[in-house]
Amino acid sequence: MFDRSFFSRSAVEVAPELLGARLVSGEVALRITEVEAYLGEGVDPGSHSFRGKTNRNAVMFGEPGHLYTYFTYGMHVCANVVCSPAGTSGGILLRAGEIVAGREIATARRRTSRSSVDLARGPARLTVALGITLADGGTDLASGPLRLELASESSDYESGPRTGVSGPGGGGEYPWRFWIPGDPTVSPYKAHAPKKRV
DNA sequence: TATGCGATTGCCT
DNA sequence: GGCAATCGCATAG
């Protein structure tokens, strides 16, 4: 159980404090090592909520501390923690982490990963390892089988440009990616690659 | 209604 | 290092 006011602040402010927190999903637990902050409507061109509320991003306009999931590339699910002051929208994308409990279950779900550090190294891998699906969107992470346990101590962190974000707000415009330095589960930085035109 | 591409991953060369 | 997979959403017409 956490104080919901923790997530009633700017995602950029909260994101580094989320490093080291544990995301528990049933028998499996993850120690978060890499996140990205996304702000809200009209503010952050890289955010799904930039153009206002839609059916897909409605959860981000709701209660802070809930789970926002989305489907992308026709096959992947990514997870965010809704994080924004009342009346605004925003979220923190969970990009990578270390499986600290239930490794056997996570390994069975992640059949293609060859080493334990790859289990949740990447936002779509992370959701597979934890068994998170689109149906989990909107879940309150304060308590329950799918919950977030904040770190008791803040950890050191580094920040840099967000990965995979194109256009305005992408590239190095905002250093809103945060990670734990030297952790092997942090995903490699990959600049956005525009699709080749025919 | 039609079209282009995405907060990615894994297999192929 | 390059690229296919695969479909919902946003934008254009």
message: Taking atom types as they are modelled, would you say the side chain of A:Tyr73 forms a donor-acceptor pair with the base of C:dA5 within the 3.5 Å cutoff?
response: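 Check fails, no donor-acceptor contact within cut-off.
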query: Under 3.5 Å, is there a donor-acceptor pair between the side chain of A:Arg109 and the main chain of A:Ala106?
result: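 Answer holds: no.
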message: Within the 4.5 Å heavy-atom criterion, are A:Glu17 and A:Ser154 side-chain neighbours or not?
response: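 No, their side chains stay 4.5 Å or more apart.
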query: Under 4.0 angstrom, heavy atoms only, what part of the nucleic acid is A:Asn80 near: base, sugar-phosphate, or nothing?
result: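 Base contact.
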task: Scan A:Arg110 against the nucleic acid and name what it touches under 4.0 Å (heavy atoms): base, sugar-phosphate only, or nothing.
output: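 Touches sugar-phosphate only.
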Results of side-chain hydrogen bond (donor to acceptor under 3.5 Å, both in side chains) for [X] - residues two or more places apart only:
{"X": "A:His66", "answer": "none"}
{"X": "A:Asn57", "answer": "A:Thr54"}
{"X": "A:Glu41", "answer": "none"}
{"X": "A:Ser47", "answer": "A:Ser49"}

Compare the minimum distances between each of [options] and the side chain of [X], then state the nucleotide with the smallest one.
{"X": "A:Leu93", "options": "B:dT8, B:dC11, B:dA7", "answer": "B:dA7"}
{"X": "A:Thr112", "options": "B:dG10, C:dC9, C:dG8", "answer": "B:dG10"}
{"X": "A:Met75", "options": "C:dT6, B:dA7, B:dG10", "answer": "C:dT6"}
{"X": "A:Thr54", "options": "C:dA10, B:dT8, B:dG10", "answer": "C:dA10"}

Length of the line joining A:Tyr70:OH and C:dC7:C1', which is rounded to integer Å: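 These atoms are roughly 15 Å apart.
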query: A:Trp179 CH2 to B:dA7 C1': how many Å, rounded?
result: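 Going from A:Trp179 (CH2) to B:dA7 (C1'), I get 16 Å.
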- prompt: Does A:Arg114 put a side-chain nitrogen or oxygen below 4.0 Å from OP1 or OP2 of B:dG10?
  reply: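 So the side chain of A:Arg114 is outside the cut-off, no N or O lying under 4.0 Å from OP1 or OP2 of B:dG10.
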- line: For DNA chain C, the dot-bracket notation using Watson-Crick and G-U wobble pairs below 3.5 Å, [ ] for pseudoknot-type crossings and | for other-strand pairs, is |||||.||||||.
message: Check for me: is A:Tyr38 stacked on B:dA7 by the 5.5 Å centroid and 30° plane-angle rule?
response: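 Yes; centroid distance and tilt both under limits.
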task: Take atom P in B:dA7 and the same atom in C:dG1, then report the distance between them in whole Å.
output: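 Looking at atom P only, B:dA7 and C:dG1 are 23 Å apart.
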task: Determine the Euclidean distance between corresponding P atoms of B:dA2 and C:dT6; express it in Å to zero decimal places.
output: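 Roughly 23 Å separates the two P atoms.
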query: Can you name the residues that form a side-chain contact (heavy atoms from CB on, under 4.5 Å) with A:Ser10, not counting sequence neighbours?
result: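 Expected list: A:Val12, A:Glu13, A:Leu39.
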query: Looking at residues at least two apart in the chain, or sitting in another chain, which of them share a side-chain contact (heavy atoms from CB on, under 4.5 Å) with A:Ala29?
result: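 Here the qualifying residues are A:Arg22, A:Val24, A:Val100, A:Ala101.
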field: Strand-adjacent residues in residues 115-125 of chain A, judged by heavy atoms under 4.0 Å from DNA chain B
entry: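 Hits under 4.0 Å, by residue number: A:Gly122, A:Pro123, A:Ala124, A:Arg125.
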message: List the residues meeting salt bridge (Lys or Arg N to Asp or Glu O under 4.0 Å) with A:Glu34, not counting sequence neighbours, and say none if there are none.
response: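 A:Glu34 satisfies salt bridge (Lys or Arg N to Asp or Glu O under 4.0 Å) with A:Arg95, A:Arg177 only.
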